[in-house]
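Would you mind keeping the following structure in view while I ask a few things?
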2 protein chains.
Amino acid sequence: MARTGKISNAVIRRLSRYKRTLEELMNQGIERVSSGELSEKIGFTASQIRQDLNHFGGFGQQGYGYNVRELYAEIIGILGIDRTYKLVVIGCGRLGQAIANFLGAYDAGYEIVGMFDVNPALVGMESCGVKIQTASELPAFLKSNDVDIAVITVTKGAAQAVAEDLVHGGVKGIWNFAPIDIQADGIPVENMHLSDGLQTLVYYINHPV
Amino acid sequence: MARTGKISNAVIRRLSRYKRTLEELMNQGIERVSSGELSEKIGFTASQIRQDLNHFGGFGQQGYGYNVRELYAEIIGILGIDRTYKLVVIGCGRLGQAIANFLGAYDAGYEIVGMFDVNPALVGMESCGVKIQTASELPAFLKSNDVDIAVITVTKGAAQAVAEDLVHGGVKGIWNFAPIDIQADGIPVENMHLSDGLQTLVYYINHPV
């Protein structure tokens, strides 16, 4: 696909939204969609949508719209979610197990290959079909397994040290749920801040549109 | 506080980020910060930061910077998180319990007052100090309790119907974790899509910066 210029983080984030909407259209048996129709469904302006999709070479045809299935396949390919990724989960409390479970239920492209916790009460337990190992086994595990992504759900205080072990162990990216912006040299980190969404909601409760 | 013009959703979303950074600065005992220093910490440009904060009347002083504690208090006030909100959790599987637990551990402003599930194996169990009730009791509960926010972690197929019950019951806002954009007449909804962050991460794994 022909890329034009640098793609901003904001555009990349919007791609997931496009993907979901296109999935919905496919489920409804819809084969073509115009930027105007996408606009109504997604809430971005039609011009924003055309601009976003032009970044990737522009697959729309004037007066004809986008082929839903092709556009979907392109976006999947651009994001790189057309293959399977191997994940480890560090921190297997409720949140770690919930995320592992969520990925198992809704996303085909992620395979949980290891789960780790420091809590002896959790070690040895099976969660989402994977036996929870003690955290001290993580470095050896990373040495003998090719892991793509680590999900961190440990406490705020422990997260940065875990991230450093993960970088050292050759993990390719970190999805962090500890409520702190962690740093990882040379690999991408996606710091999730669950409460941000809740704070936005509270704002709109107090300032009705 | 003096507001200038309509505040965009993007600015509101950035406020949580400012709040976190200011919290960090307060924890380090730092009393004043310039837009340049904030820029280094947050990653937005100094001009973006000044523009964002100007929306709320502009508390910075030329050559003097922002008073960390005052700016923090203003942002807390703008978001409306200077008071406590009453929450119910609908869906008490791992994710529902994880979110209740997360809010209990990290956020003082949210009180879980009710938890509901359809699964008889969960009903009667205590989670985060609250006894899980059967979902059919939700309408009566909402009638006799003043609930601000409902957290939805039910399945994709059940989420929209739950949202309608919540609107009918007078809930003021919905924080939705079911992987579908739900609609709720007249109240704000924050649709969380956990996988979006993971998809962004996958993009950056495949396209190193």
Side-chain angles (χ1 to χ4, degrees), chain A residues 7 9-10 12-13 15-17 19-20 24 78-81 85 93-103 105-107 109-110 148-149 151 153 155-156 172-175 177 179-181 186-209, chain B residues 7 9-10 12-13 15-17 19-20 24 78-81 85 93-103 105-107 109-110 148-149 151 153 155-156 172-175 177 179-181 186-209:
Chain A
I7 299 157
N9 189 30
I12 301 309
R13 286 181 186 280
L15 288 183
S16 293
R17 190 80 182 256
K19 170 184 165 278
R20 275 202 305 281
E24 239 177 72
I78 289 162
L79 286 168
I81 49 179
Y85 293 86
R94 292 188 187 99
L95 188 58
Q97 291 193 42
I99 291 164
N101 191 52
F102 181 90
L103 292 176
Y106 292 113
D107 279 286
Y110 305 104
D148 297 301
I149 296 168
V151 183
T153 71
T155 59
K156 194 171 169 169
K172 298 183 187 75
I174 295 176
W175 197 26
F177 284 80
I180 178 178
D181 285 331
I187 64 168
V189 178
E190 187 67 17
N191 288 302
M192 301 292 284
H193 289 281
L194 288 181
S195 308
D196 286 9
L198 182 53
Q199 288 168 10
T200 303
L201 179 64
V202 164
Y203 175 86
Y204 284 111
I205 288 174
N206 290 305
H207 304 87
V209 182
Chain B
I7 299 157
N9 188 32
I12 300 309
R13 286 181 186 281
L15 287 183
S16 293
R17 188 80 183 256
K19 171 184 164 280
R20 275 203 305 280
E24 239 176 73
I78 290 162
L79 286 169
I81 49 179
Y85 293 85
R94 291 187 188 98
L95 187 57
Q97 292 193 42
I99 290 164
N101 190 53
F102 182 89
L103 292 176
Y106 293 112
D107 279 287
Y110 305 104
D148 296 303
I149 296 168
V151 184
T153 70
T155 59
K156 194 172 171 170
K172 299 184 187 74
I174 295 176
W175 196 26
F177 284 81
I180 176 178
D181 285 329
I187 64 168
V189 178
E190 188 68 17
N191 288 304
M192 301 291 286
H193 289 282
L194 288 180
S195 309
D196 287 9
L198 182 53
Q199 287 167 12
T200 303
L201 179 64
V202 164
Y203 176 86
Y204 285 111
I205 288 174
N206 290 305
H207 303 85
V209 181

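The chains referred to below are lettered A, B, ... by the order of the sequence lines, with proteins before strands, and numbering in each begins at 1.
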Heavy atoms only, distances under 4.5 angstrom: which of B/Thr200, B/Asn101, B/Leu95, B/Ile99 has the most pairs with chain A? Name it, please.
-> B/Thr200
Student check: side-chain heavy atoms of B/Val202 and A/Leu79 closer than 4.5 Å = no
Which atoms of A/Arg13 come close to chain B, meaning under 4.5 Å heavy atom to heavy atom: side chain ones, backbone ones, both, or neither?
-> both
Any idea which heavy atoms bring B/Asp196 and A/Arg20 closest together, and the distance?
-> OD1-NH1, 2.7 Å
Most heavy-atom pairs under 4.5 Å with chain A, out of B/Asn206, B/Ile12, B/Val189, belong to B/Ile12
Mind listing the closest non-hydrogen atom pair of B/Ile78 and A/Tyr203 along with its distance?
-> O-CD1, 3.4 Å
Side chain, backbone, both or neither of A/Tyr204 within contact of chain B (heavy atoms, under 4.5 Å) = both
Let me know if A/Phe177 has heavy atoms under 4.5 Å from chain B in its side chain, its backbone, both or neither.
-> both
Highest number of heavy-atom pairs under 4.5 Å with chain A among B/Ile180, B/Ile174, B/Ile187, B/Thr153 belongs to B/Ile174
Residue pair A/Asp181 / B/Arg17, side-chain heavy-atom distance below 4.5 Å = yes
Where is the tightest heavy-atom contact between A/Ile149 and B/Ile205, given as atom of each residue plus distance?
-> CG1-CD1, 3.6 Å
Would you name the heavy atoms of A/Phe102 and B/Ser195 that are closest together and state the gap between them?
-> CE2-OG, 3.5 Å
Is there side-chain contact between A/Ile81 and B/Leu198, with at least one heavy-atom pair below 4.5 Å?
-> no
Could you have a look at A/Pro208, A/Pro179, A/Gly186 and say which one has the most heavy-atom pairs with chain B under 4.5 angstrom?
-> A/Pro179
Mind listing the closest non-hydrogen atom pair of A/Met192 and B/Leu194 along with its distance?
-> CE-O, 3.9 Å
Which answer fits A/Lys156, side chain, backbone, both or neither, if we ask what part of it has an atom under 4.5 Å from a heavy atom of chain B?
-> both
Any side-chain donor paired with an acceptor under 3.5 Å for A/Ser16 and B/Gln199?
-> yes
